[in-house]
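Right, one structure below, let's go through it.
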Amino acid sequence: MRSDVTSAPVAGPATDPPALAGPPPAVGDVPAARRRRRPRAVRGLLVALLVVLSVPFVFPTWWMATSSLKPMSEILRIPPTLWPHEVSWDAYADVFALQPFAQQYWNSLYIAALVTAGTILVASLAGYAFARISFPGANALFVLVLVGMLVPAEVTIVPLFRMVNALGLVDTHWPLIVVPIFGAPSVLATFIMRQFFLGLPRELEEAGRMDGLGRWGIFWRIAFPLARPAVAAVAIFTFLKSWNLYLEPIVYLSSRENFTLPQALTQYVDAYGGPMWNVQLAATTLTVIPVLAVFLVAQRQFVQGLAHSGLKG
């Protein structure tokens, strides 16, 4: 008997097809890669352009900070040096030795803080009222409030001084606190807050009423917490304006202990009345720190607040 044995051919190593690492590159992949590289190149060019454009804005600040560490002879050198050849901290010691700079620094700091807090409270209430409460003459009254932005401070300084003098508040900080909160400087803050509250959905207020909230509860628990970007923008504007206030302190204040920083910076002069540049630059460098800190902390909300302020009108 014959038995048929069938065996399948065994494939050896020599007969295996070569393993491929991956699919062959497509023809369209190369242009796609080039297209992906184009946005990076454009972004790099934009960054380089922005760096070049920022030089005129960054260089004065850099020169101010570095020149406060230079002697007088090097400050007036032409061309100016980017870094002092010999670093000296004497100017910073003279800032506090020549006049009560620490007290003046505190004066500006607490005045700006109070003005900022008061302006935020008054402007947010007024902005919410103009945006959400319907009453006769609301638009006309808002236009009248906006007219306050067109009145220069120099026009009202004389009647305000007469009022302050009649109240016996000359050479005190009360005029620098009360007038900005309830006067024309808060008009811009009211406008920003009103524009933000106009953009809030009315469904939020209806939901608050269903939960039993009144007008004050809706404002304090719903509207005001959502207005953090606008509040940040108002805070930066107000703090910076109060911090740099110069005309009003000259009119209202007369004693060095009550001076604010802009007024104090003009007092660093030598025996002949000439400016002590290194001391003035050192004092100015110290005054920049709070404003820079406030902006760095709230810059994101600041940009959002400015964006929302123009949504509706």
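Hydrogens, waters and symmetry mates play no part in the numbers below; they use all other heavy atoms, side chains included.
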ask   = Any idea which heavy atoms bring Phe196 and Ala227 closest together, and the distance?
value =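 What the structure gives for the nearest pair is CE2-CA, 3.2 Å.
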message: So which atom in Tyr105 and which in Leu286 form the shortest heavy-atom distance, rounded to 0.1 Å?
response: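 Looking at all heavy atoms of both residues, the closest pair is OH-O, 2.6 Å.
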When rounded to the nearest 0.5 angstrom, what distance separates [atom1] in [X] from [atom2] in [Y]?
X	Y	atom1	atom2	answer
Arg256	Gln263	CZ	CD	10.5 Å
Met64	Thr284	CE	OG1	6.5 Å
Tyr252	Leu247	OH	CG	8.5 Å
Leu176	Thr172	CG	OG1	7.5 Å
Gln267	Met276	CD	CE	12.5 Å

Is the backbone N or O of [Y] less than 3.5 Å from a side-chain atom of [X], with the two atoms forming a donor-acceptor pair by type?
X	Y	result
Tyr268	Val95	yes
Asn278	Ile75	no
Asn107	Gln103	yes

Could you work out the complete set of other residues in the hydrophobic cluster of [X], with links drawn between I, L, V, M, F, W and Y side chains under 4.5 Å apart?
X	result
Val51	Val47
Val52	none
Leu53	Leu49
Val147	none

Could you give all pairs that pass the side-chain hydrogen bond (donor to acceptor under 3.5 Å, both in side chains) test and reach [range], with sequence neighbours left out?
range	value
residues 238-248	none
residues 88-98	Ser68-Tyr92, Ser88-Asp90
residues 110-122	Tyr110-His173

Mind jotting down which residue pairs meet the ring-ring contact (aromatic ring centres under 6.0 Å, His included) criterion with at least one end in residues 118-160? Sequence neighbours excluded, please.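 Every ring-ring contact (aromatic ring centres under 6.0 Å, His included) pair that includes a residue of residues 118-160, provided the two are not neighbours, is Tyr128-Phe197, Tyr128-Phe219, Phe130-Phe142.
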Under the side-chain hydrogen bond (donor to acceptor under 3.5 Å, both in side chains) rule, collect the residues that match up with [X], sequence neighbours excluded.
X	value
Ser255	Asp171, Asn258
Glu206	none
Arg162	none

What donor-acceptor contacts under 3.5 angstrom involve side-chain atoms of residues 180-193, with partners at least two apart or in another chain?
{"from": "Ser186", "atom 1": "OG", "to": "Ile181", "atom 2": "O", "distance (Å)": "3.2"}
{"from": "Ser186", "atom 1": "OG", "to": "Gly183", "atom 2": "O", "distance (Å)": "2.9"}
{"from": "Thr190", "atom 1": "OG1", "to": "Ser186", "atom 2": "O", "distance (Å)": "3.0"}

### Message
As a quick check of understanding, evaluate side chain to side chain donor-acceptor pair (under 3.5 Å) for Glu74 and Thr81, giving each step before the final call.
### Response
CA-CA 8 Å; Glu74 189 175 354; Thr81 56; 3.1 Å; yes
